[in-house]
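Data block below; observations after.
We name chains A, B, ... by the order of the sequence lines, and we start the count at 1 in each one.
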Amino acid sequence: MKTRPATRVRRMLMSERYNTRESERKWQAAWQSEGVFETRNDDPRPTYYVLEMFPYPSGRIHMGHVRNYAMGDVVARYKRAKGFNVLHPMGWDAFGLPAENAAMERKVHPKEWTYANIAAMRAQLQSMGLSLDWSRELATCDPDYYKQQQRLFLDFLAAGLADRKTAKVNWDPVDQTVLANEQVVDGLGWRSGAPVEQRELTQWFFKVSTYAPQLLEALDGLDRWPDKVRLMQRNWIGRSEGLAIRFALDAASAREVASLIGVNELEIYTTRADTLFGAKFMAVSPDHPLATRLAKNDSGLAAFIDECHRMGTAQEAIDRAEKKGYDTKIRAVHPFDDKWTLPVYVANFVLMDYGTGAIFGCPAHDQRDLDFVRSVGLDATPVVCPPDVDPDTFVIGDTAFLEDGVIINSRFLDGMTVPQAKEEVARRLEKEMRHGRPIAVRKVNFRLRDWGISRQRYWGCPIPVIHCDRCGVVPVPVCELPVRLPDDVAFDRPGNPLDRHPTWKHVACPKCGKPARRETDTMDTFVDSSWYFVRFTDPWIDRPTNAAAAKWMPVDQYIGGIEHAILHLLYSRFFMRAMRKTGHVAIEEPFTGLFTQGMVVHETYRAKDGSWVSPAEVTITSEAGGRHAVHATTREPVAIGSIEKMSKSKRNTVDPDDIIETYGADTIRLFMLSDSPPERDVIWNEEGVQGAARFIQRLWRLLRDAKSMMGSGAPSPNGEALAYSPPALAIRKAAHRTLARVENDIEHLRFNVCIAHIRELANTLQGALSELDEDEARAPDVVAALTEAMRILVAITAPMAPHLAEECWQALGATDLIARSAWPQVDRSLLTDATITLPVQVNGKKRADVTVPREADCAAIKDAVLSLDAVKRAMEGRALRKFILVPGRIVNVVI
RNA sequence: GCGGGCGUGGCGGAACUGGUAGACGCGCGGGACUCAAAAUCCCGUUCCCCCUAAAGGAGUGUCGGUUCGAUUCCGACCGCCCGCACCA
């Protein structure tokens, strides 16, 4: 009989709790003083680049950061142990509006505010024990960084990838600045509350659209990106195939226009050329040149266009807007029938920056067109009939018919399918010539537009050009970079401080030497984040990139929030192509692996008066009737509300600092990684945190128990093959099986499952320990197996709970840091057993298990199965119909 | 409206390519240790039937299909979540 381990030993160990705070401080200092995580570019080992999206220095890290960086750190530490030269840097997305708001509200300079925030957040990140190479730290507001960015801009400009054009922007007349679409709420500026105007401003653009086809096609190759993100990008780029058709304008009705703008035709873009015989009208955008010209002699039209502009660009306004048009009295001629003319409207729902800014309208097969004709009193003739409907009775009600069908009412197209009709129209019209050109050409269009990067703000990267009255736009010579932001600026007035600075913008033209003006716009902060990951490969060099260091690129594993699925990732993909064209990198795709993690969410709490109460002020009690909450100090009852994303407004945030202070970094890391799959939201709850903290202590106790059980027993010194007794072999098998699983889990970023597997091993080892008596525990084979298993357990825990792992590693007698130690090797021979246990089903229901030798053949297994009691019982009086064996997996007896 | 995803115990979730549903944790119940509490350890915990056990039955949102076998594949429906949205 086995005896339980001596309680004497247990009691002695009780008091030895793992001291989180002391240990974490100690190992962080050790890692730092030894420069363990500093990566050398000349290290010859294979490289691995893991990166988390760098944070905006708002002043405090939040749980979302903790989750993001905990995940990246697991990968970094794992790959390092696996022998890779791992690049795992950190920096700051440091330009942006909040710094200017702080300047306005608190009279603190954006630079001071930003760098103070960075210092605070750096300290917080360091307290998490992340394996980051801080020697490569950068902030995008460092002149060293934006100097290189300005250089890239000049190269892009020279290569034709940047240009200036006028664009409509949201202009806040009070703050005197351009607003992003999301800063316009109900047509009003979010800060000033003033009605936002549409203004035409000359802006700098990066020509993203140049690469639209490549950006789309290359998505197929990004097989380590989430499908969801690829799909979102695909939709955003929005490729469509269609036809650009030139409609002649009816001579009589268009005489006036023809003389004004010298045109007698209107070019439209359509993807539904098959519905040409269902055309009822033409429409142009209020910003179309035709509309602009006509408005000069038509005050009614001018008023209509004005009204369209006032509508604003806010999504809500657009959604609500009724489709309206203004009849120009001009008529366009149908391309297949000289006698057939169509009215031309100026319509509020036609966009100038897509296609040609003009359309033909077929109300029967386009919902917008249908909505529109209802407001102007035209009818809808169906030209595509659903497959099972009688064409004679088919009428269009309130819904346009958008699907495929049979073409009707369309002369030579009748009877065709939609694709056939499209092809036929294209074939005919591209052969027909007018003014020496075909009437129609096939055209591929993209929704993706050029990227407007001009911002009328101070706290951003200055655009390095000079405006000269004689020479036009003159690039700042490279030797004069960086164009530095002046420090002496005031935020007492709205508008761009750079623009009203007394001296900053006045410079001599680099070309002619005459007085000229600096560009006072700065770059969109998305520019800063479009190439920082390349800069990390050599942040010290006085060029944007270093070809030798670029061996790190592309990033092997990028981790961040889904909110950047489109803009940041698309801009970065554009940047790589632009940087390649200008000779800065040799690659096109910046991130081969992408992972988007879920949010951190938490219950919300509300006091009687409806005000939000923060979790820190709430005490939860659980009774038979469920969970109840009271205010921690007033004892007033508090209502437990829905689970929401942690946000300041709902006060349901939990401060990582508090948790680290109370439970330690390993606990917060472990909790962030366990419970929920990483791509899904994780619910922050105190019980879960305590569970993680308990596990830390449990591992520590397990280690001490194992050590004291083994006592002075030592593994066989020269490592010769030991004959392992069954208990020792069981320990080894459990350890190696877990090791193999954990590797697989981390490779697939399945951290929650990984932790479950580690816990499972801890449970197994704990059980094994309690089964052993003291003599057994000191046998050389058991000591060897236990030592090996404990080392494996500690090694696989190290990526998630690195401080605890260092402490355990040392306790196991290791002389080097685990952060510098190699990952254990799986012994594959331990993963297979001599016998296998197969589940036995009868008619697909599991009834029993059968254990057979691994190499048993089908007949032998069949005999064993049919002699099982459970199988016999089920078969009583019935004949075996079929015996199914899936080797190594399952047996199914069909009766 | 268009596109995508997800529905598994009291809860978070696990289940490799169609092969033992509920790993692991939380919570809960019971017990041990203790003068007591905390901590810790052990046992139990999908539901139904049952004193208990054995044995059985049902069960992965609903309904149907394919299959020896379906959480997994197919179809319809219900519910929730996300993205895009006048893109012609």
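- Using a 4.0 Å cut-off between charged side-chain N and carboxylate O, A:Glu267 and A:Arg246 make no salt bridge.
- In this structure, a donor-acceptor pair under 3.5 Å is present between the side chains of A:Thr381 and A:Lys280.
- Using a 4.0 Å heavy-atom criterion, one finds that A:Val350 contacts the bases of the nucleic acid, with or without backbone contacts as well.
- Looking at heavy-atom distances under 4.0 Å, A:Arg750 makes contact with sugar-phosphate atoms alone, never a base.
- Here the separation of B:U17 from B:A70, taken at their C1' atoms, is 14 Å to the nearest Å.
- Between the side chains of A:Ser240 and A:Thr271, not a single donor N or O lies within less than 3.5 Å of an accepting N or O.
- Comment: A:Asp833 engages A:Lys733 in a salt bridge, judged by a side-chain N to carboxylate O separation of less than 4.0 angstrom.
- Closest-nucleotide positions on RNA chain B for A:Leu231 and A:Ala870 were compared, and the one nearer the 5' end corresponds to A:Leu231.
- The distance between atom CD of A:Gln690 and atom C1' of B:C26, rounded to the nearest whole Å, is 11 Å.
- Taking atom CG of A:Asp369 as the reference point, atom C1' of B:G1 lies 15 Å away to the nearest angstrom.
- As rounded to whole Å, 15 Å separates atom C1' of B:G12 from atom CG of A:Leu673.
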**Fill in**
Per-residue pairing states of RNA chain B in dot-bracket (Watson-Crick or G-U under 3.5 Å; . unpaired, | other strand) read (((((((..(((......[....)))((((((.......))))))(((.......)))..(((((..]....))))))))))))....
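- The CG-C1' distance, from A:Asn744 to B:U17, rounds to 13 Å in whole Å.
- Protein atom NZ of A:Lys882 is 10 Å distant from nucleotide atom P of B:U67, rounded to whole Å.
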**Request:** Scan nucleotides 20-25 of chain B nucleotide by nucleotide, 5' to 3', and note B when protein non-hydrogen atoms come under 4.0 Å of the base, S if they reach only the sugar-phosphate, - if neither.
**Result:** BS-BSS
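- The residue A:Arg847 sits close only to the backbone: its heavy atoms come under 4.0 Å of sugar-phosphate atoms, none of a base.
- The environment of CD in A:Glu241 is sparse: at most 12 heavy-atom neighbours from other residues, nucleotides or ligands sit within 6.0 Å.
- Note on A:Ile884: a base of the nucleic acid sits closer than 4.0 angstrom, heavy atoms only.
- Rounded to the nearest Å, the gap between the C1' atom of B:C73 and that of B:G19 is 14 Å.
- Residue A:Leu570 contributes atom CG, which lies 18 Å from atom P of B:G83 at whole-angstrom precision.
- Atom CZ in A:Arg447 sits about 11 Å away from atom C1' in B:C2, given to the nearest Å.
- The ring of A:Phe360 has its center no closer than 6.0 angstrom to the ring center of A:His334.
- Between A:Arg701 and B:C41 there is a side-chain polar atom (N or O) within less than 4.0 angstrom of OP1 or OP2.
- If you measure from atom CZ of A:Arg680 to atom P of B:C82, you get 15 Å, rounded to the nearest angstrom.
- A donor-acceptor pair shorter than 3.5 Å can be found between the side chains of A:Arg698 and A:Asn763.
- Classification of the A:His365-A:Phe401 ring pair by plane angle, with boundaries at 30° and 60°, yields perpendicular.
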**Request:** Begin from the C-alpha positions of A:Tyr663 and A:Phe671 and carry the test ring pair (Phe, Tyr, Trp, His ring centres under 6.0 Å) through to its verdict.
**Result:** CA-CA 11 Å; A:Tyr663 296 100; A:Phe671 176 67; 9.7 Å; no
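- Look at A:Glu743 and A:Arg741 and you find no salt bridge, because none of the NZ, NE, NH1 or NH2 atoms lies under 4.0 Å from a carboxylate O.
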N/O contacts under 3.5 Å, protein versus nucleotides 70-75 of chain B?
none

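- Between the P atoms of B:C35 and B:C43, the separation comes to 25 Å (whole Å).
- Across all strands shown, A:Ser676 has heavy atoms under 4.0 Å from sugar-phosphate atoms exclusively, and none from any base.
- If you check the side chains of A:Asp450 and A:Ser209, you find a donor sitting under 3.5 Å from an acceptor.
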